[in-house]
Structure formats: C-alpha cells, structure tokens
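To start, the structure itself, in structure tokens.
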Amino acid sequence: MFEECVKGIITRAVLKSGSEEGWPLETIQSTLEKGLRLEWPKKEEFGDLSTPLVMGLSKGLGKPPRAIAEKIVTAMKDDPSAVDVLVWVEVAGPGYINLTFSSPFLYRYLERVIGSDSHTEKVSSPRAINVEFVSANPTGPLHVGHGRGAAFGDSLARILREAGHRVSTEYYINDAGNQMNMLGKSVYLAFRRLEGRADPEERVRLLGDGEGYRGDYIPEIAQRLREEKELIGDAVRKSALEGRFTEEVQDAFTHVAQTLIMSEIRNDLSRFGVSFDRFFSEKTLHIFPGEDRSRISHWIDLLEQEPGGMVFESEGALWFKTTVMNDDKDRVLKKSDGSYTYFAADIAYHADKVERGFDTLVDVWGADHHGYQARMQAVVRTLAERAKKNVDLRICLIQLVSLMRNGKAVSMSTRAGEYVTLGEVLDEVGVDATRFSYLTRSHESPLEFDLAKAKERSMDNPVFYVQYAHARVKSLLAQASLRNVALEEFSAGSLSVLSEQTERSLIRLLAQFSGVILRCAESFEVHPLTDYLAAVAGAYHHYYFHHRILSSEEKDRPVMLARIGLSIAVAKILKKGLSLLGVSAPDSM
RNA sequence: GCGCCUGUAGCUCAGUAGGAUAGAGCGUCGGACUUCGAAUCCGCAGGUCGCAGGUUCGAUUCCUGCCAGGCGCACCA
C-alpha cells in the first residue's frame, strides 16, 4: 500500500520532470528500474519513506543531485493524486527525497489492519516455489543443527506463502545406499549384544574398520526389536539369533531401523511445528515403475542426449561438466563400474522438481555442503535450458549452531553418536523459545545457542518480550470489557484522535509490516521479521508505559476507543508475525 | 594449496544493490510500581566497522592483498 503508492507518485514526477527538462528517456528508465528503492529511515526526522534515487540519476545526467531532486519534488507537489497521501516532500542531505505520509492515510491503513486478519500485500508476480529442507538421513535422531534448518525452512516457506507465492515444502529422504546398510548392521550387532551373543569377529566382518552407528538410539531400537517380535518376523529373528547375517536379515533390520527412526524424526518435527507437503524417498529414484531401468538412468540418458555436451564420457566413466559454474572439477555421474553416484540421484531429484512445474527451487543445506553449490547450480541451469524455462535454484546454507549453557560450550564429543538432539532441546527450552532463538540471527551467521538463556523467562529473552506485548493487549481488552467497553464502538473517524507523537511512531512502524515480509521473501531471509517483531513489541511497551489507555471519564472515551483500536492492530500484527515464525502468541503468560 | 562463510560496542548480533550523526539486546552504572500486567519503562557510559592499499564527490558496504576463526575440497553417501 505505502511503497507501491509512493513509487507511482515518484515515477510520474520523474517522467514529467524529464520531459520538461529534456533528460534522456533511456537514462531515466534505467535509473527508475534499478534505483527506485524506498526505505523507512530509522530517524523519523527524515520522513516516513526516503529514496536515494536522485543520486543515481545525477550520475547519468551529469547534473548536481539537489537541483534534480528539487525539480522532481516540485512535480510531486503538483500531482493531484499525491495530496491525499503525502503531507510533505523534501530534498535532504546529499539529495535524498524524503516523504511524509498524511495522518488520514495512516489511519486508513490502521483501519484495514484492525478490520482484517490478512492485510499483507502480495508480490506482483507469484512464483511456484519448492522449499526443500531438513532432509536429514534417517540414520539417527535430529540434532540441534537440523533444528536450525527446520525452523528456517519452515518459516521461510510460511513467509513466501504469505507474500503470495505458491509454495510446496519437501523432505528428501536419503534412504538408499550404504549408510542404510550400515545402520541395519549396527542395529543387528546391538541386537546380538543384548541377546548375549556379541561376537567381536562378527563386528569386524560386518563393519570392517568402521564403527557403525553408536548413539544410544541404536540399542534402544534393538531392544524394541526384542520386545515387539512382530517387527522383524520369526524367520529373520531365528537367523539373527544364530548369527546368520543373510540378505533378508540385512533388509529387515535396515527397514525396521529406518522406519522407526523416520517416525521419530517426523514426531520431533511435528512437535516443533514443522510440516511437509511431501516426503520424497530417494529409493523411488532407483526404480522406474513399468520400465527396466531407474529414473536416475532415465534422466542421465536424457541429459546425455542434450546438445551442449554437459554430460560426457571420459576414463571409462560418465561425467557432468560442472566446471561451467566454476566448480573445481567436473563430477562423476556413473562410475567406471557402472553404478551411479549420489550426485546422479540428486540430478534426478532436481529434474523431478523441475518437471513438477516449480520455477524456484530452494535448497536449505547445512553449511558443510557448500562445496555442492556449484555443481547443483550447473545441473539446474542445464535442466532449465532443456525445459526451456526460467528456473532459479536458491541455496540457503545454514551455518553451524554451537550449543552453550551459561556461556560455556556444551561438549559435543567427536565420538560418533554423541550429540544433543532437537528433542532434548525442546524438552528443556520449549518450542517457542527454540524457534525464536534460531531465527533471531541471519542463517549465514554461526549461531551460539545458549540453553540457559533461551529458557530464561525474563527480559533477557526476546521471545517473551514479544509474546508479552501480545498478552498485554489481550489483558487490556479483557479489562476493557470488564468496564463495559464495547469494542464494536469504533467508527471510521474515531482514529483521528490519535495525535500523540508516540502514536504516530507506532502506526508508522506497523505500516512497515508488508514491506518486511516482502523483503524477507525477496532475499530468502527470516531474521528481518524477527527483528521487526521485537521492534513492534518495544514500541508498544514504550507507548503503553507512557500513555494511559483505559479511562472511566466520559470525555476521554473517544481517545480510549482509538487507543484500544491501535492496541488491537499491534496485537494482530504481532500474532501474524509470530505465526510466520511458528511461535505462539499467548493471550496470557 | 584451492573454495565457501564469518570478523562491527565488554558479550551476542543487526545494518551494507556506495550515501544523511553506524544500531539493538544483554552486561555495567543510575533512576521509575497508590494507576490498564514492573516479564515493563527511562537515562549514562561504551566504536580506528580485523589490517593495509585501490576505485569514488563519498567506502563499514565494491576491488586487491594480508591476518584470524569456522567449514569443505571422493569414480563416498
């Protein structure tokens, strides 16, 4: 509402000035395209919206910025459609154009917020976006690092949806390959140990020098297999007890272990407020119903036939020319022994996403996968060319989480399997504080997560600060209704009694909500929203402390009603914003 | 050796498609509860934006080179 409206006014003024002054149209248009950026200045003395547009224009025109800006400002003041919206336009500093909204325009916005639960502006060109995140191997429980990716991916998806995009979320299950077999073996060996039939030689025979999976969950699964006999069946059980590690034994143990772990993962995720539209199994890429080959080979063959030579043979193997995207070296798809690499499966998976019609693919990865970026970009570019459409691959690398307790690092031993799980963190600090803490920082920044601070219910903790602001409004409304104030009493004109400076500042801040959402959606970030909500809560606490809202004096009634209205708007925006972060907005705390 | 991320106040971090006096929370210190929730509010102090060059009217932001921390560099998955 604000940005779009102002952009129109500025564009008209620039075009008008340009035609009067004879500025080259080309310069004007390219500047408008790139330089028409609007920001809400931190200092209110600089107005509500500000644009450095003229600084760019001045370079193209070779004229001093302030003179150009003056000309444009004059044209804006002459624009009849601007009088409703703006009360003040000025040139400031080196050549900024600063605008100030009229109060009626701000009140109109406030009314919209109060009157509806969904007032977010939508993007002008919605995209079909697939957000893939978590995708942790089903070989163990989710840990704190996965949690950060889960919170980020889920909230990003919610924000993109709120901005008007068509969004689908997805978890890619790496349920094929050696890792899964190793998992099965680890559980089998634990099972044997629990049965009192541990055999060091057998361990070496199955795992070689490797240690297998060693977390506590391995013996727990084995214990369940002992108790719930139907899980593996009698035949497999008999073989296992006798130490005959056949193919059926391997398959049964792998299958059961994976199923149990995956259900544990889903459990943690749903507890964390994270849901997926789809779980995509890698296994389904290794087959092709009704055909004699896999979907992997199907896609690799297709790409091999493409002109351009992206897929080529060398040294007895099949390669993908990933160096076109500045990868260090080209990558192998099909090994000289004829089997496919994991990379080939990834190609098939991304090809599948493109084929399903997405034009933006978001991959949320742990930062340790950064070496894969170049090759996946190369793949998606090739797939897009083949499909003859624009497909963007957006890779979000989630930096490391280091767990602290009262400023001291929680030991995360390098010994396999010893780490703090997401479930344990949720037990200790709860869903709201965990999600909020994960989302206060840019995902590109390593995060220190202090368990003690995160669960502290104090002003130390921004979650409660924001939630408290919401609860405060709700409590206020309860008080109001005890005093027989009917909330239906608002009328269109009643907000105009909000004339305090703090009230204007608060409304100004609320007005930025859509801009924040759109900015997050554009840059694929979440933390600007978290910051914004803390700012709104802070502004409301400040306002609340300095101004009495409820009053029993009849003469104060119009102001009281308007202030209640403003409070309701604050609560609505906090609630909406928190819901996008997956954090609850409690009525009382 | 090559690549990616990070380096901003005592601590944890925002900000930067080049632009107005670089911000917040915590911590320190000092204030505010007979009033709608003090889980709140107000104030003070705290900065060579890692270092050195370069481009520019203007650089914390862009370029180059260093330094420090983290993470990666398989015909593994």
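What you are looking at is a predicted structure, and each value in this text was computed from that prediction instead of being measured.
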Contact class for A:Gln467 (heavy atom, under 4.0 Å): base, sugar-phosphate, or nothing?
nothing
Between the base of B:A17 and the side chain of A:Arg37, is one N or O donor paired with an acceptor at under 3.5 angstrom?
yes
For A:Ser475, which contact category applies under a 4.0 Å heavy-atom criterion: base, sugar-phosphate, or nothing?
base
How is A:Asp531 classified with respect to the nucleic acid when contacts are heavy atoms under 4.0 Å: base, sugar-phosphate, or nothing?
sugar-phosphate
Is the phosphate of B:G37 approached by A:Gln479 (side-chain N or O, under 4.0 Å from OP1 or OP2)?
yes
Using the C1' atom in both, what is the distance from B:A20 to B:C11, to the nearest Å?
30 Å
Under 3.5 Å for both donor-acceptor distances, Watson-Crick or wobble: does B:G47 have a partner, and if so which one?
none
Would you call A:Tyr468 stacked on B:G37, i.e. ring centres under 5.5 Å apart with the planes less than 30° off parallel?
no
If you look at every strand shown and take non-hydrogen atoms under 4.0 Å, does A:Thr440 touch a base, only sugar-phosphate, or nothing?
nothing
What about the rings of A:Tyr468 and A:His541, do their centers lie closer together than 6.0 Å?
yes
B:C13 -> Watson-Crick or G-U wobble partner, both distances under 3.5 Å, gives B:G23
Contact class for A:Pro446 vs. all strands (heavy atom < 4.0 Å): base, sugar-phosphate, or nothing?
sugar-phosphate
Spacing of the C1' atoms in B:C62 and B:U56 (rounded, Å):
10 Å
Only pairs with both distances under 3.5 Å count, Watson-Crick or wobble alike; so what is the partner of B:C33 in this structure?
none
Looking only at atom P, what distance separates B:U8 and B:U61, rounded to whole Å?
14 Å
Hey, does A:Glu45 reach any base, or is it just sugar-phosphate, or nothing, if we go heavy atoms under 4.0 Å?
base
What is the base-pairing partner of B:G58, counting Watson-Crick and G-U wobble geometry with both distances under 3.5 Å?
none
Does the ring of A:Tyr340 carry A:Lys335 above it, NZ/CZ under 6.0 angstrom from centre and within 45° of its axis?
no
Between B:U35 and B:C29 - P atom distance, rounded Å
28 Å
Once you apply a heavy-atom cut-off of 4.0 Å, does A:Asn181 come out as touching a base, just sugar-phosphate, or nothing?
nothing
Mind checking if A:His443 touches a base, just sugar-phosphate, or nothing, with heavy atoms under 4.0 Å?
nothing
Checking all strands, does A:Lys329 fall into the base, sugar-phosphate, or nothing category for heavy-atom contacts under 4.0 angstrom?
sugar-phosphate
When rounded to the nearest Å, what value does the distance between C1' atoms of B:C67 and B:A52 take?
11 Å
Would A:Asp48 and A:Arg504 satisfy salt bridge (Lys or Arg N to Asp or Glu O under 4.0 Å), going step by step from the backbone distance to the final call?
CA-CA 11 Å; A:Asp48 294 325; A:Arg504 194 186 191 285; 2.8 Å; yes
N-glycosidic conformation, B:C29 - syn within 90 degrees of 0, else anti
anti
A:Ala136 backbone acceptor or donor facing A:Tyr171 side chain under 3.5 Å:
yes
Categorize A:Ala535 for me: base, sugar-phosphate, or nothing, with a 4.0 angstrom heavy-atom threshold over every strand shown.
nothing
Sugar-phosphate, base or nothing in reach of A:Ser50, heavy atoms under 4.0 Å:
base
Taking the six-membered ring for Trp, are the ring centroids of A:Tyr172 and A:Tyr349 within less than 6.0 Å of each other?
yes
Phosphate OP1/OP2 of B:C42: any A:His542 side-chain N/O under 4.0 Å
yes
When the P atoms of B:C36 and B:G30 are considered, how many whole Å apart are they?
28 Å
State the pairing partner of B:G3; accept Watson-Crick or G-U wobble contacts with both distances under 3.5 Å, and report none otherwise.
B:C71
Give a yes/no on whether any side-chain N or O of A:Lys42 is located under 4.0 angstrom from OP1 or OP2 of B:A24.
no
For B:C13, does the base pair up with any side-chain atom of A:Ser445 as donor and acceptor (N or O, under 3.5 Å, distance only)?
no
For A:His369, report the nucleic acid contact type (base, sugar-phosphate, nothing); a contact means any heavy atom under 4.0 Å.
nothing
Taking the P atom in each of B:G25 and B:G53, what is the distance between them to the nearest angstrom?
35 Å
For B:G7 and B:G46, measure between their P atoms and round to the nearest Å.
24 Å
